2 protein chains.
Amino acid sequence: MPNSVPNIVIHRLPFYLRALEMMAENGQVVTSSQELGDRLGISSAQIRKDLSHFGEFGKQGTGYEVDYLRQQLRRILKIEALWGIAIVGAGDLGHALVNYAGFRERNFLVETVFDMDPKKVGTPIGSLKVEDQSQMLQRLKELDIKIAIIAVPARNAQTVAELLIEGGVRAILNYAPITLNVPDEVCIEYIDPVIALQSMTYYLERESMEQKRAVSE
Amino acid sequence: MPNSVPNIVIHRLPFYLRALEMMAENGQVVTSSQELGDRLGISSAQIRKDLSHFGEFGKQGTGYEVDYLRQQLRRILKIEALWGIAIVGAGDLGHALVNYAGFRERNFLVETVFDMDPKKVGTPIGSLKVEDQSQMLQRLKELDIKIAIIAVPARNAQTVAELLIEGGVRAILNYAPITLNVPDEVCIEYIDPVIALQSMTYYLERESMEQKRAVSE
DNA sequence: TAGATTGTTAATCGATTAACAATC
DNA sequence: TAGATTGTTAATCGATTAACAATC
């Protein structure tokens, strides 16, 4: 794949888009790499460089039209049309995810939610009903689902991932606190709040006299 | 700050730790940079290099003692003792976070949860009661809270962040879909599932005949 | 025209990796 | 001893930034 765009650039584009969406909401018509950079804590040069991988979207002297750049970024990220997603795991987290309005607002539609616990199967969450995980393979194919979110305990996550992939899923957002093994052609992203906290405590000082007692093991 | 460890290295350490915790659970006594790397999809050289910023933890010929390296990483990340955290926002997400057992298991204790909605104040979540956001400043100081999680709508997030910082918070995990402006000395990490999804769709193909219709604006 | 800002180049900076002596 | 694996060096690779001609 010659001249492929660096992954790190792709990961910044959604942040550019998010800032542009907000500007558009506020009725702002044009912006500049300088302004975007200030908002996002990124240099203006980096923003121009990143965008230059995909074409020329601005005008010298004036900057970028918010609406146009927003449309272009949506096209580049392939999020102009709706993507259906499946959620696996109907615990507290699964519930919160199914009910999260931000997916629909930003063109992702939660089409189905699965759980392996017979007591949960059939119970309603929002407008959906929890489906049986044993039917997952078949249902994923029926619905032509390409994106899934894993919200099951760590010990089940690898098995679930394999089942998802067998069912045709090509992008996985994994909330289980474990690194998964997936083929190269499958995209995977991780969300683990504890990992995020742990990389901040490094920078904190333990200053208080009375340290809180550690959990005994 | 001479010779400071790159931020990207700090961000990998929690993943090393998470893998080691799992090995320890399985009763594994020693590991190698090779094995850790294979598990995490990272080169063995990178793992050795990362660790070398902090000292020598292995033995030539045999590798690393799982338990020892785990202890050292906990010390480096300053997570040997318990950290108290506050959660702001008692919606679906706030609920899921307060009830998430993974915090306690990994040495973070949710000490309090706030909301600005009078109807939510006083209601129980797990063993906590939702507190009034107007009391937040005072309560943060009383409890000596250094770490907080923002789980409020985007439009309120900046104000909440400023209040948290005024209350002494030095590390913020922000779930609101907006980039926040905080002073240099405050750590901030972001979790936005939609951003994670959007950087995966770039790599997906729109192959199906019938594209799902986009949301109209 | 004067001022502003883009897109792009080249230089700089930083991170990753290959390789290997040291040594368990 | 032979095999394995560390910690570290130097080379490579890639990303960021400064600077500026082009031009709106």
Side-chain angles (χ1 to χ4, degrees), chain A residues 1-16 19-20 23 28-73 76 179 184 199 202, chain B residues 1-16 19-20 23 28-73 76 179 184 199 202:
Chain A
M1 226 176 277
N3 270 329
S4 80
V5 180
N7 187 260
I8 195 166
V9 173
I10 302 303
H11 275 79
R12 277 192 294 263
L13 298 184
F15 289 94
Y16 301 169
L20 288 163
M23 290 174 178
Q28 190 177 337
V29 175
V30 296
T31 186
S32 65
S33 58
Q34 180 70 55
E35 189 190 29
L36 265 174
D38 286 350
R39 282 233 197 182
L40 298 169
I42 287 177
S43 80
S44 64
Q46 181 156 84
I47 289 178
R48 294 198 301 279
K49 187 94 213 283
D50 284 355
L51 294 177
S52 75
H53 285 102
F54 305 97
E56 309 191 352
F57 306 108
K59 269 206 194 65
Q60 283 102 325
T62 62
Y64 303 89
E65 273 189 47
V66 170
D67 215 67
Y68 176 70
L69 185 52
R70 181 174 64 145
Q71 275 173 36
Q72 293 303 307
L73 284 173
I76 292 162
T179 301
D184 279 351
S199 49
Y202 173 81
Chain B
M1 227 175 278
N3 269 328
S4 79
V5 180
N7 188 259
I8 195 166
V9 172
I10 302 302
H11 275 80
R12 278 192 294 262
L13 299 184
F15 289 94
Y16 301 168
L20 288 163
M23 290 173 178
Q28 191 176 338
V29 176
V30 296
T31 186
S32 65
S33 59
Q34 180 69 54
E35 188 190 31
L36 264 174
D38 286 349
R39 283 233 197 182
L40 297 170
I42 287 177
S43 78
S44 64
Q46 180 156 85
I47 289 178
R48 294 197 302 278
K49 187 95 213 284
D50 284 356
L51 294 177
S52 75
H53 285 102
F54 304 98
E56 310 191 352
F57 306 108
K59 269 206 195 66
Q60 284 103 324
T62 62
Y64 303 90
E65 272 188 46
V66 170
D67 214 69
Y68 177 71
L69 185 54
R70 180 174 66 145
Q71 275 173 37
Q72 293 303 308
L73 284 173
I76 292 163
T179 301
D184 279 350
S199 48
Y202 173 81

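The structure displayed is predicted, hence computed values, not measured ones. The sequence lines fix the lettering, A, B, ..., with proteins before strands; numbering per chain opens at 1. Note: hydrogens, waters and symmetry copies are ignored here, and every other heavy atom, side chains too, is used.
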Indicate yes or no: at least one non-hydrogen side-chain atom of [X] is less than 4.5 angstrom from one of [Y].
X       : Y       : value
B:Leu69 : B:Tyr16 : no
A:Leu20 : A:Leu73 : yes
A:Thr62 : A:Val30 : no

message = Go nucleotide by nucleotide along DNA chain C from the 5' end; which of A:Ser52 and A:Gly61 gets its closest nucleotide reached first?
response =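 Nearest nucleotide further toward 5': that of A:Gly61.
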When rounded to the nearest 0.5 angstrom, what is the spacing between [atom1] in [X] and [atom2] in [Y]?
X       : Y        : atom1 : atom2 : value
A:Thr31 : A:Arg39  : OG1   : CZ    : 7.5 Å
B:Phe15 : A:Ser199 : CZ    : OG    : 8.0 Å
A:Ile76 : A:Gln71  : CD1   : CD    : 11.5 Å

request  = Please identify each residue that fulfils side-chain contact (heavy atoms from CB on, under 4.5 Å) with A:Asn7, with sequence neighbours left out.
outcome  =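 So A:Asn7 forms a side-chain contact (heavy atoms from CB on, under 4.5 Å) with A:His11, B:Tyr203.
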ask   = Of A:Lys49 and B:Tyr64, whose closest DNA chain D nucleotide lies nearer the 5' terminus?
value =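 The residue mapped nearer the 5' terminus is B:Tyr64.
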ask   = In terms of the angle between their ring planes, are B:Phe54 and A:Tyr202 parallel, tilted or perpendicular, with boundaries placed at 30° and 60°?
value =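 The rings of B:Phe54 and A:Tyr202 stand perpendicular, inter-plane angle above 60°.
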ask   = Using a heavy-atom cut-off of 4.0 Å to chain B, what are the terminal contacting nucleotides of DNA chain C, in 5' to 3' order?
value =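 From 5' to 3', the first and last contacting nucleotides are C:dA15 to C:dC24.
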note = Here DNA chain C, pairs taken as Watson-Crick or G-U under 3.5 Å and shown with ( ), [ ] when crossing and | when to another strand, reads ..||||||||||||||||||||||
inquiry  = Restricting to side-chain hydrogen bond (donor to acceptor under 3.5 Å, both in side chains), what partner residues turn up for B:Thr179, sequence neighbours left out?
reply    =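 Residues passing side-chain hydrogen bond (donor to acceptor under 3.5 Å, both in side chains) with B:Thr179: A:Arg18.
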Residue pairs, two or more places apart or on separate chains, that pass salt bridge (Lys or Arg N to Asp or Glu O under 4.0 Å) and touch residues 41-68 of chain B =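 Checked against salt bridge (Lys or Arg N to Asp or Glu O under 4.0 Å) - neighbours excluded - the pairs reaching residues 41-68 of chain B are B:Arg12-B:Asp50, B:Asp67-B:Arg70.
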message = So if I take residues 38-47 of chain B and measure heavy-atom distances to DNA chain D, which residues fall below 4.0 Å?
response =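 Heavy-atom cutoff 4.0 Å gives no residues at all.
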